[in-house]
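First the proteins, then the strands, lettered A, B, ... as listed; each starts at 1.
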Number of protein chains: 2
Amino acid sequence: MNSCNKLKSPNVPFLGVSHLLDLLADVGVENFLLGLAEYIQQDFMRWDEFDKSPRYASHSEEGVIELMPTSDGNNFSFKYVNGHPKNTLKGLQTVTAFGVLADVDSGYPLLISEMTVLTALRTAATSALVAKYLAPANSSVLALIGNGAQSEFQALAFKALLGITQVKLFDIDRSASIKCYENLKDKGLDVEICLSAQEAIEGAHIITTCTADKCNATILTDEMVANTVHINAIGGDCPGKTELDKNLLLRGDVFVEYEPQTRIEGDIQQLDASSFVTEIHRVISGLAPGRTVAQQLTIFDGVGFAVEDFSALRFVRDLMQQSPHQQKLDLLANPKDPRNLFGLLANSQKTSLRQAS
Amino acid sequence: MNSCNKLKSPNVPFLGVSHLLDLLADVGVENFLLGLAEYIQQDFMRWDEFDKSPRYASHSEEGVIELMPTSDGNNFSFKYVNGHPKNTLKGLQTVTAFGVLADVDSGYPLLISEMTVLTALRTAATSALVAKYLAPANSSVLALIGNGAQSEFQALAFKALLGITQVKLFDIDRSASIKCYENLKDKGLDVEICLSAQEAIEGAHIITTCTADKCNATILTDEMVANTVHINAIGGDCPGKTELDKNLLLRGDVFVEYEPQTRIEGDIQQLDASSFVTEIHRVISGLAPGRTVAQQLTIFDGVGFAVEDFSALRFVRDLMQQSPHQQKLDLLANPKDPRNLFGLLANSQKTSLRQAS
């Protein structure tokens with residue numbers, strides 16, 4: 001629009017879905033995951049610099065809409081994200097998201113980004129980063145229970161960060177496993193569809209559970225799981241939505257992102273609030289032990305935390321400096337005299353009159 | 001971009017600054033304010049349907065960044081807004097904002113809108129709507145103390161909703177008053193610049209205080225104000241930022257938007273938490289008295305509440321149905337099979353390869 005240029009709005013960089021996909025195609029998915037995991041690791045190592053709070057959640061019968069803010073004193077970020085398990089029946093995503101990175105000193109937004117795809121990437125990068133500290137040495141076999149929208153990202157992150165070579169798939173909906181198989185078969189991984197969760201976890205060093213039902217499910221029972229594996233449980237992420245047998249949680253060493261939020265949303269909502277868990281940033285910073293022996297059941301009760309989204313926005317913002325894949329949004333009013341916001345209306349009316357004549 | 005169309009993203013309507021200005025030019029500012037006030041009134045009358053919470057505020061030395069969410073069970077909205085008093089020194093706005101309206105059933109965003117200008121409009125519409133219930137009968141003279149970015153919007157809202165004919169301006173910075181005068185002089189109002197707050201409020205039926213300093217200021221002292229006026233105090237809106245003499249608050253009848261938030265942010269942060277205030281929605285719904293006699297000092301301690309932003313987003317969304325002034329954002333990933341989010345990457349890579357060949 002003409003008036004847009006005339007008013008000299010300070011445009012805000014926007015990374016849409018197609019921009020992010022083009023950026024991913026340029027960089028390569030595995031490289032992207034490696035870079036993103038590095039940013040998350042950096043931010044986990046300076047955990048105390050962040051303002052942290054459990055997310056704001058607006059629950060309805062159909063699902064939840066959440067706002068996830070955080071700040072390190074220099075930048076503020078938040079993510080808008082929904083979780084609506086029945087959306088797939090309408091051809092919609094269970095989870096969609098977008099996020100904003102802003103400058104704390106001025107309060108001005110620096111970036112608006114799609115985060116549906118970016119959340120899948122940051123969740124996978126976080127899972128694999130955590131597993132570097134918790135999974136058995138030389139892990140090569142990954143079981144993926146739940147083969148929905150997150151599954152391929154998980155597989156590639158574990159390949160890129162841990163050198164996983166074999167992926168065993170199981171989903172109660174076989175077509176989901178077939179979809180996942182087709183997407184992964186030419187990615188340098190040995191991929192196999194299994195007929196049961198039990199079959200999938202046989203021989204696996206790492207088990208990812210990532211199922212979507214909003215209920216207290218038991219994807220893994222206590223008897224099924226050996227005392228030597230790492231469980232990456234990322235599907236239990238809101239009140240009333242869990243995946244693991246309570247006895248598994250009692251038997252294993254449980255690691256979380258931010259304890260106050262995970263107590264509300266994670267699989268550990270099944271446990272007493274006094275149960276012992278370790279925040280993973282302490283392991284990454286060397287303040288707490290991760291896996292210490294081969295005979296150890298480790299469980300990452302991942303729910304997704306705002307700092308990871310902060311890292312993801314920071315990462316794409318840095319990548320965007322060199323990338324043409326973006327557009328500018330006319331989001332901020334910018335009158336020449338900041339106190340003369342009203343003057344913009346007069347300019348616009350003049351513009352319209354000129355256009356009409 | 002090509003890939004954008006190919007991927008058939010469900011685009012989200014975007015109302016940028018220039019779109020809103022063009023919409024305002026089409027509708028007319030006073031008509032816009034009248035329509036917006038009606039939407040706010042409707043939503044205040046169904047107050048109990050809304051999820052309400054004090055806003056999320058991230059404070060820094062320079063200012064504050066806030067998220068203001070609410071929901072009526074059908075729609076969810078939030079506003080991102082900053083408050084940085086020193087921004088004007090850098091040529092930036094003290095307050096910038098944008099907002100989102102979403103569908104509760106799917107969690108999908110329905111609209112992203114600039115809200116810097118829209119917040120000025122909704123604040124003015126709220127002030128004037130409230131004054132319809134609290135100002136003296138046949139009020140015609142408005143004093144405007146503080147002639148910054150909000151002032152002209154306030155004047156036009158009081159003209160449109162209450163039939164104000166005369167506006168008396170005062171600001172410690174005379175250039176702000178001159179700016180305001182120039183903007184209002186041809187708007188059908190008798191406008192006058194005064195040399196003191198005292199001079200400005202002489203003969204005024206309604207006094208709007210709207211100053212920007214982040215401190216406990218005393219714009220109006222107890223002695224200055226007659227027992228027959230309505231004070232519209234909208235500049236005291238965060239902890240440590242107040243405008244009115246405590247004794248004025250003790251003398252007058254105080255009305256607020258949402259008590260828990262105003263206790264934290266409003267001028268009544270100077271009072272005991274047990275001091276009597278009336279939520280204005282109760283007056284608008286006929287559940288509580290507003291002004292009952294001529295000899296009554298009424299004070300609206302306005303801080304801005306999420307429901308007003310919800311109303312504003314709802315209003316512009318309805319206006320946009322008939323308006324060409326908008327664009328679509330490629331914000332939401334939309335794979336054909338919702339579980340096949342990863343499939344988007346393959347499509348994009350193919351697109352890039354095609355473009356490269």
Chain A contact via B:K336 - which portion, at a heavy-atom distance below 4.5 Å: neither
Point-to-point distance, once rounded to the nearest 0.5 Å, from CG of B:D337 to OG1 of A:T88: 9.0 Å
Side chain to side chain, A:S53 and B:Y56, heavy atoms closer than 4.5 Å: yes
Nearest-0.5 Å distance that lies between atom CG in B:L92 and atom CG in A:L332: 9.5 Å
Under 4.5 Å from any heavy atom of chain A - which part of B:N183: both
Nearest atoms (heavy-atom pairs only) where A:V17 meets B:A333: CG2-N, 3.4 Å
Non-hydrogen side-chain atoms of A:L341 and B:F153 separated by less than 4.5 Å: yes
Heavy-atom pair count under 4.5 Å with chain B, highest-scoring of A:G16, A:A149, A:A120, A:G91: A:A149
Minimum side-chain heavy-atom gap B:F342-A:V117 below 4.5 Å: no
Pairwise distance OG1(B:T116) to CG(A:L331) - rounded to 0.5 angstrom: 7.0 Å
Side chain to side chain, A:Y108 and B:Q93, heavy atoms closer than 4.5 Å: yes
Side-chain donor-acceptor pair present, A:R339, B:S175, cut-off under 3.5 Å: yes
Interface residue of largest heavy-atom contact number with chain A, from B:N147, B:L15, B:V104, under 4.5 Å: B:V104
Heavy-atom proximity to chain B below 4.5 Å, by part of A:V81: neither
Close aromatic pair by centroid cut-off 6.0 Å: A:F78 and B:F78: yes
When A:H84, A:Q327, A:K86 are compared by non-hydrogen pairs under 4.5 Å with chain B, the top option: A:H84
Side chain, backbone, both or neither of B:L156 within contact of chain A (heavy atoms, under 4.5 Å): side chain
Structural part of B:L67 lying under 4.5 Å from a heavy atom of chain A: side chain
Nearest atoms (heavy-atom pairs only) where B:L345 meets A:V29: CD2-CG2, 3.3 Å
Interface moiety of B:N340 toward chain A, non-hydrogen atoms closer than 4.5 Å: both
Side chains of B:D51 and A:S58 in contact at under 4.5 Å (non-hydrogen atoms): yes
Most contacts with chain B, counted as non-hydrogen pairs under 4.5 angstrom, among A:G343, A:S71, A:S113, A:A176: A:A176
Any B:N82 side-chain heavy atom under 4.5 Å of A:S106 side chain: no
Proximal component of B:Q150, with respect to chain A [non-hydrogen, under 4.5 Å]: neither
Distance in Å, B:I112 CD1 paired with A:I112 CD1, rounded so as to fall on 0.5 Å steps: 6.5 Å
Heavy-atom pairs under 4.5 Å with chain A, option from B:K90, B:E152, B:M115, B:E114 with the top count: B:E152
Test item: A:D330 side-chain N/O and B:S18 main-chain N/O as donor-acceptor pair under 3.5 Å: yes
Proximal component of A:D103, with respect to chain B [non-hydrogen, under 4.5 Å]: backbone
Within 6.0 Å of CD1 in B:I172, more than 12 heavy atoms from elsewhere: no
Check: B:Y80 and A:F76 side chains under 4.5 Å, non-hydrogen atoms: yes
